[in-house]
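Working notes, beginning with the structure itself.
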Amino acid sequence: MQRVELEIARLIKEIEYDEVTKLFAMLSGGKRLRAKLILKIAPNHEKAPLLAAIVELIHGASLLHDDVIDDSHTRRGVASVNATEGSKTAVMLGDILYSKAFTELLSFDKEIAKCVASSVTALSKGEMQDVKMADRFNSDEKKYLDMLYLKTATLIEAAATASALLAGKDAQKHAVYGRNLGLSFQIIDDILDITSDATTLGKPAMNDFVEGKCTLPYIYLYEALNEEDKKRLERSHAQKTEESETLWIKEKMKENESIEKSFLLAQKLSYEAMQAVEDDKELVSILETMIKRSY
Ligand code: FPP
Ligand code: MG
């Protein structure tokens with residue numbers, strides 16, 4: 001992973017703007033899941049660290065913009081750039097990072113460049129759907145999962161596919177792996193938003209629903225509630241929820257096993273991902289570690 005960090009630092013230096021270097025240093029790197037995946041799939045390819053750095057810059061840029069869109073003041077446990085430097089700076093820093101990443105993509109085969117670049121259009125579409133869906137209570141599971149695929153899974157899918165292409169491995173199988181890993185990862189994130197505390201999350205707990213996001217546990221809960229309780233849940237949507245209401249939601253989720261149902265889907269998707277790359281122990285272990293995050 002050190003090779004990836006060095007590549008990232010090199011690309012930032014090449015931007016030749018001290019302000020960007022300074023701002024970038026303030027960001028927390030995060031889990032670097034996408035970079036780890038690329039190195040695991042193409043460990044011996046000399047351009048794997050560059051591909052990983054590109055994908056991490058794109059991911060970082062998308063989070064900078066996402067925090068502006070969501071008006072989030074914390075990211076990965078530290079104050080977000082929009083909170084400390086303002087939204088304009090956060091948007092512009094994001095623009096610089098992802099355009100630099102796109103420039104670097106030019107040194108790769110067309111198929112690899114297209115795979116990564118088109119995933120960014122997909123994730124932007126996903127973000128737009130996410131924002132639109134937050135306007136009203138959504139109880140449509142398919143609509144939610146389609147959005148999730150675009151918003152979170154496409155970049156992970158592209159990272160897996162592009163690195164498989166780089167390493168001369170089966171791109172199709174790795175695409176299935178990446179897509180299911182991405183979906184499973186996001187569903188677990190949605191669960192953690194409900195089951196973890198703010199310190200562990202690095203952002204306020206149970207915030208998704210306050211932001212208007214009806215994640216899978218809320219969709220499953222809604223399906224299980226009677227008409228009166230359905231209305232009660234709808235009334236809490238996109239509100240600064242009172243403590244008593246938060247407790248009611250948690251209690252109802254427990255009663256109806258909404259978290260367990262969501263976790264089962266995450267497990268099923270992980271299982272499908274594992275099957276796609278059956279023989280690759282390293283990739284299976286990434287999945288296992290991720291699934292364990294929820295405990
Ligand atoms: C986090 O979602 C957001 C994303 C995974 C994608 C955001 C994508 C864009 C803003 C499109 C623009 C892309 C570029 C490259 C500039 P979340 O809000 O559910 O998760 P969070 O709790 O981590 O904020
Ligand atoms: Mg967000």
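Quick note: residue numbers are just sequence positions, from 1. For ligands, and for the atoms within them, numbers begin at 1 and follow the listed sequence.
Among all non-hydrogen protein atoms, the one lying nearest atom 5 (C) of ligand 1 is Lys151 O, 3.5 Å. Among protein heavy atoms, the minimum distance from atom 11 (C) of ligand 1 is reached at Ser124 OG, 3.5 Å. Nearest non-hydrogen protein atom to atom 6 (C) of ligand 1 is Leu123 CD1, 3.5 Å. Looking at atom 20 (O) of ligand 1, its nearest protein heavy atom turns out to be Asp66 OD2, 4.2 Å.
The pair Lys231-Glu234 fails the salt-bridge criterion, with no side-chain N (NZ, NE, NH1 or NH2) lying under 4.0 Å from an Asp/Glu carboxylate O. A salt bridge is defined here as a Lys NZ or Arg NE, NH1 or NH2 lying under 4.0 Å from an Asp or Glu carboxylate O, and Lys213 with Asp70 meets this definition. Salt-bridge formation is detected for the pair Glu19/Lys22: a Lys NZ or Arg NE/NH1/NH2 atom is positioned less than 4.0 Å from an Asp or Glu carboxylate oxygen.
Donor-acceptor pairing under 3.5 Å is lacking for the side chains of Glu257 and Tyr220. Using a 3.5 Å distance cut-off with no hydrogens or angles, the side chains of Ser285 and Lys40 do not pair a donor with an acceptor.
Note: Phe209 and Tyr218 have parallel aromatic rings, judged against thresholds of 30 and 60 degrees for the angle between ring planes.
Using 4.0 Å as the threshold, His59 has no heavy atom nearer than that to any atom of ligand 1. The shell of residues lying under 4.0 angstrom from ligand 1, judged by heavy atoms, excludes Glu211.
Taking every non-hydrogen atom of Arg75 and a distance limit under 4.0 Å, the qualifying atoms of ligand 1 come out as 21 (P), 23 (O), 24 (O). Residue contact check: Lys213 has heavy atoms under 4.0 Å from atoms 17 (P), 18 (O), 19 (O) of ligand 1. The contact set between ligand 1 and Val120, taken as ligand atoms under 4.0 Å from a residue heavy atom, comprises 15 (C).
Among the backbone and side-chain atoms of Glu211, no N/O/S atom is found under 2.8 Å from the Mg ion (ligand 2). Using a cut-off of 2.8 Å, one finds that Asp66 contributes an N/O/S atom close to the Mg ion (ligand 2).
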Could you check Tyr149 against Gln186 for side-chain hydrogen bond (donor to acceptor under 3.5 Å, both in side chains), going step by step and ending with a plain yes or no?
CA-CA 9 Å; Tyr149 164 63; Gln186 187 59 46; over 6 Å; no
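Contacts of Asp70 with ligand 1, taken as heavy-atom pairs under 4.0 Å, involve the side chain alone. The residue Leu155 has no part lying near ligand 1, judged by heavy-atom distances below 4.0 Å.
Residue-level check: among N/O/S atoms of Asp70, OD2 sits closest to the Mg ion (ligand 2).
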